[in-house]
Amino acid sequence: MAVCHHQAPFKLFTPLPPPNPKPIFRCNLSLPSRPTILTADPEPLFTSVKAFAPATVANLGPGFDFLGCAVDGLGDFVSLTVDPQVLPGEIAISEITGDHNSKKLSKNPLWNCAGLAAIEVMKMLGVRNVGLSLSLEKGLPLGSGLGSSAASAAAAAVAVNEIFGRKLGVEELVHAGLKSEEKVSGYHADNIAPALMGGFVLIQNYEPLDLLRLSFPLDKELIFVLVSPDFEAPTKKMRAALPTEIGMAHHVWNSSQAGALVAAVLQGDVARLGKALSSDKIVEPKRAPLIPGMEAVKKAAIEAGALGCSRDLSGARRLGYTNGEALKLGLVVTLFITWPRR
């Protein structure tokens with residue numbers, strides 16, 4: 001889940017309220033609808049804030065485009081400052097840092113996923129009297145299948161909302177992130193929703209948007225081993241490989257595996273979860289040829305003790321699933337030495 005802190009005084013906190021006992025978040029994104037727009041020009045409560053949004057895993061096996069989850073560890077940071085040098089009602093990107101080809105990213109906010117999300121939140125809030133300066137620190141590789149664009153968008157949306165007093169809820173922030181994702185990598189919420197909400201998130205419908213947060217049992221353990229090779233597999237390129245027709249047998253198979261996947265998450269059944277995640281027969285077979293060595297890596301992961309293994313379908317990242325720390329290091333080494341070098 002995206003988190004934020006004030007720079008003075010330092011305080012780390014969760015920017016969104018705790019999940020509702022009925023963990024369903026809805027907002028209407030159909031064409032006749034409009035996101036919430038506040039009429040009063042808000043005043044900033046802080047001069048600066050810093051937000052973090054985590055990596056996410058989407059297209060989980062048979063859960064293509066409707067199931068994703070946030071993972072601990074890597075993510076993006078966005079620092080936001082009230083800047084008198086920036087025109088009122090506008091935002092400027094002052095700096096982009098990171099070790100993962102971050103120089104490729106544009107500082108034009110209209111061509112940057114963090115900038116786009118920030119602009120959308122400013123519109124919703126009705127910000128007109130101050131200008132903002134944004135600094136983006138990329139902790140995620142580009143085109144890696146770790147939700148890089150979504151992490152930047154989520155952190156920026158949370159930062160803008162926070163600096164003006166947290167007036168928007170998670171529904172509006174997901175909407176702002178979707179606007180960014182739509183222009184950068186396509187209209188899909190399975191990265192941006194878990195980046196903002198945390199945990200596993202199922203997208204039941206897009207118009208109107210209907211999100212369901214799935215609760216993995218707190219007394220169970222699930223470890224993801226993520227391996228990202230040194231090449232990019234952009235989302236748009238990977239989507240171009242999708243099949244245009246699906247046979248009934250494959251449709252039934254993937255539907256049953258998707259159902260098993262959701263049940264496994266709710267029950268904390270990691271063995272069944274790993275099996276279901278490894279079972280896609282529609283999308284993964286079409287995209288596998290675009291990523292060299294994928295089948296060998298998948299075979300090696302299973303042989304090394306992973307409960308399941310799949311490739312993230314919007315990038316080149318490889319997932320291994322295990323429920324034991326003892327297996328994790330061995331699995332990382334196995335995947336690393338198996339993946340073909342350039």
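Positions are given from 1 along the sequence.
- Two residues are said to be in side-chain contact when any heavy atoms from C-beta on lie closer than 4.5 Å; Glu137 and Lys50 meet this criterion.
- Across all non-hydrogen atoms, the minimal contact from Val270 to Glu221 is CG1-O, 3.4 Å.
- Both Leu146 and Val71 are assigned to one and the same hydrophobic cluster, defined by single-linkage of ILVMFWY side chains at heavy-atom distances under 4.5 Å.
- Phe77 has its side chain out of reach of Thr97: every pair of non-hydrogen atoms, C-beta onward, lies at least 4.5 Å apart.
- For the atom pair CG (Asp190) and CZ (Phe66), the distance works out to 9.5 Å, reported to the nearest 0.5 Å.
- Transitive grouping of hydrophobic side chains (ILVMFWY, heavy atoms separated by less than 4.5 Å) keeps Leu277 and Trp253 in distinct clusters.
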How far apart are the C-alpha atoms of Leu214 and Val201, what are their side-chain angles, what is the distance that settles it, and do they pass the side chain to side chain contact (heavy atoms under 4.5 Å, CB included) test?
-> CA-CA 6 Å; Leu214 307 179; Val201 179; over 6 Å; no
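- Contact annotation: the side chain of Lys107 approaches that of Ile96 to within less than 4.5 Å [non-hydrogen atoms, C-beta and beyond].
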Can Asp280 and Phe64 be said to form a side chain to side chain contact (heavy atoms under 4.5 Å, CB included), step by step?
-> CA-CA 9 Å; Asp280 175 33; Phe64 177 75; over 6 Å; no
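- The shortest side-chain heavy-atom distance between Ile119 and Leu110 falls under the 4.5 Å cut-off.
- Heavy atoms only, all atoms of each residue included: Leu134 and Ala156 are closest at CD1-CB, 4.1 Å.
- Taking hydrophobic clusters as Ile, Leu, Val, Met, Phe, Trp and Tyr residues chained together by side-chain heavy-atom distances below 4.5 Å, Val252 does not share a cluster with Leu261.
- In the hydrophobic cluster analysis, where Ile, Leu, Val, Met, Phe, Trp and Tyr join through side-chain heavy atoms closer than 4.5 angstrom, Ile192 is grouped together with Leu142.
- Counting only distance, with no hydrogens or angles, the side chain of Glu182 and the backbone of Lys179 share no donor-acceptor pair below 3.5 Å.
- Separation of atoms CG (Asn59) and NE2 (His188) is listed at 7.5 Å; rounding is to 0.5 Å.
- Summarising the geometry of Asp83 relative to Gln85, their closest heavy-atom pair is OD1-N, 2.8 Å, with the distance given to 0.1 Å.
- A donor-acceptor contact shorter than 3.5 Å is absent between the side chain of Asp76 and the backbone of Ala151.
- Between the OG atom of Ser152 and the CD atom of Glu181 there is a distance of 9.5 Å, given to the nearest 0.5 Å.
- Asp210 contributes atom CG, which lies 10.0 Å from atom CD1 of Ile203 (distance to the nearest 0.5 angstrom).
- Between Val82 and Leu132 the shortest side-chain heavy-atom distance falls below 4.5 Å.
- Under a hydrophobic clustering in which Ile, Leu, Val, Met, Phe, Trp and Tyr are joined whenever their side-chain heavy atoms come within less than 4.5 Å, directly or via other members, Phe46 and Leu173 fall into the same cluster.
- Closest of all the heavy-atom pairs between Glu120 and His175 is OE2-CE1, 3.9 Å.
- In this structure, Val160 and Val78 have side chains that are not in contact, with every pair of non-hydrogen atoms separated by 4.5 Å or more.
- Between the side chain of Lys281 and the backbone N or O of Ala249 there is no donor-acceptor pair closer than 3.5 Å.
- Residues Leu168 and Val121 meet the side-chain proximity criterion, which asks for heavy atoms closer than 4.5 Å.
- At most 12 heavy atoms of other shown residues, nucleotides or ligands fall within 6.0 angstrom of atom CG in Leu218.
- Side chains of Phe200 and Leu60 form a contact here, defined as non-hydrogen atoms less than 4.5 Å apart.
- Going from atom CG of Asn254 over to atom OG of Ser279 covers 6.5 Å, rounded to the nearest 0.5 Å.
- Listed here is the closest heavy atom pair of Val174 and Leu211: CG1-CD1, 3.9 Å.
- With rounding to the nearest 0.5 Å, the separation of CE in Met197 from CD in Glu171 is 8.5 Å.
- Listed here is the closest heavy atom pair of Ile282 and His250: CD1-O, 3.8 Å.
- Paired with Ile163 under the rule side chain to side chain contact (heavy atoms under 4.5 Å, CB included), one option of Leu125, Thr81, Val158, Leu80 passes, and it is Leu80.
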Taking it one step at a time, do Tyr187 and Leu178 satisfy side chain to side chain contact (heavy atoms under 4.5 Å, CB included)?
-> CA-CA 6 Å; Tyr187 191 81; Leu178 267 174; 4.0 Å; yes
Please lay out, stage by stage, how Ile93 and Asn108 fare under the test side chain to side chain contact (heavy atoms under 4.5 Å, CB included).
-> CA-CA 7 Å; Ile93 298 178; Asn108 183 339; over 6 Å; no
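- Within the 3.5 Å criterion, the main-chain N or O of Asn129 finds a donor-acceptor partner in the side chain of Asp41.
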